[in-house]
Amino acid sequence: GAGVSQSPSNKVTEKGKDVELRCDPISGHTALYWYRQSLGQGLEFLIYFQGNSAPDKSGLPSDRFSAERTGGSVSTLTIQRTQQEDSAVYLCASSLSSGTGGNTIYFGEGSWLTVV
Amino acid sequence: QKEVEQNSGPLSVPEGAIASLNCTYSDRGSQSFFWYRQYSGKSPELIMFIYSNGDKEDGRFTAQLNKASQYVSLLIRDSQPSDSATYLCAVPPNAGGTSYGKLTFGQGTILTVHP
């Protein structure tokens with residue numbers, strides 16, 4: 001596609017429910033990233049994929065969070081048993097590769113999650 | 001000390017003035033730096049990338065890097081109301097074998113350009 005596509009754009013869920021957020025990166029981009037942006041916390045890294053593998057999951061805040069990527073393309077971020085503190089914008093980004101050299105990282109428009 | 005620090009502002013400048021945004025970083029080994037612009041309710045978009053000491057110019061934007069002092073700045077000349085946004089400084093990891101895209105962001109500086 002032309003850009004990084006994320007769905008849903010907005011999600012309101014009840015505390016304790018599971019949610020899935022989807023990211024479709026730019027075609028041909030092998031590296032995919034998930035970030036979270038919440039009020040007062042800024043943008044924080046969650047996880048990244050190179051192809052289908054996730055070499056760095058260090059930013060996932062708890063074991064309620066998981067992500068997978070299949071076919072080297074679409075990725076899903078799953079939050080189990082959502083809590084109110086999970087309310088944030090979840091941003092997906094992609095780049096041609098994960099190596100150095102100034103690869104531009106392109107962000108999607110984000111999935112706005114509200115846990116009530 | 002946070003790894004990447006920015007003055008959260010808000011910074012208010014009149015139209016046509018120069019807006020100066022600053023960012024300091026703690027890892028002396030950091031090699032390169034990004035400036036992103038984020039409009040309210042939108043995703044961040046890259047506006048500048050710099051890795052060499054000195055200045056890098058792109059249109060009305062100039063990024064300045066001083067590795068000895070560990071700061072990077074963004075100057076916006078002839079500021080326009082459309083430049084009103086949050087500006088984010090981001091630093092990729094210094095360590096080898098780590099994804100370049102694992103950026104550490106500052107908190108962002110809110111810029112308002114008033115007519």
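Values below: every heavy atom of this structure, side chains too, minus hydrogens, waters and symmetry copies. Order of the sequence lines sets the chain letters (A, B, ...), proteins ahead of strands, with each chain counted from 1.
Both the backbone and the side chain of A:Leu43 come within less than 4.5 Å of a heavy atom of chain B. For A:Glu44, no part lies under 4.5 angstrom from a heavy atom of chain B. Only the side chain of B:Gln38 has a heavy atom closer than 4.5 Å to any heavy atom of chain A. A:Ser94 does not touch chain B: none of its heavy atoms, backbone or side chain, sits under 4.5 Å away. In this structure, no portion of A:Tyr106 lies under 4.5 Å from any heavy atom of chain B.
Counting heavy atoms from C-beta outward, A:Ile105 and B:Pro44 have side chains that stay 4.5 Å or more apart. With a 4.5 Å cut-off on side-chain heavy atoms, B:Phe105 and A:Tyr35 count as touching.
A distance of 11.0 Å separates CD1 of A:Ile47 from NZ of B:Lys102, quoted to the nearest 0.5 Å. Taking CZ of A:Phe107 as the reference point, atom OH of B:Tyr36 lies at 5.0 Å (rounded to 0.5 Å). With rounding to the nearest 0.5 Å, the separation of CZ in B:Phe34 from OG1 in A:Thr104 is 7.0 Å.
Grouping the Ile, Leu, Val, Met, Phe, Trp and Tyr side chains by contacts below 4.5 angstrom, directly or via other members, places B:Ile110 apart from B:Met48. Both A:Phe65 and A:Leu21 are members of a single hydrophobic cluster when ILVMFWY side chains are connected at heavy-atom separations under 4.5 Å. If you chain together hydrophobic residues whose side chains sit under 4.5 Å apart, B:Ile47 and B:Leu65 fall into the same group. Under a hydrophobic clustering in which Ile, Leu, Val, Met, Phe, Trp and Tyr are joined whenever their side-chain heavy atoms come within less than 4.5 Å, directly or via other members, B:Leu11 and B:Tyr87 fall into the same cluster. In this structure, B:Phe61 is a member of the same hydrophobic cluster as B:Val13, with clusters built from ILVMFWY side-chain heavy atoms closer than 4.5 Å.
Nearest heavy atom pair, residue B:Ser43 against residue A:Glu109, reads OG-OE2, 3.4 Å.
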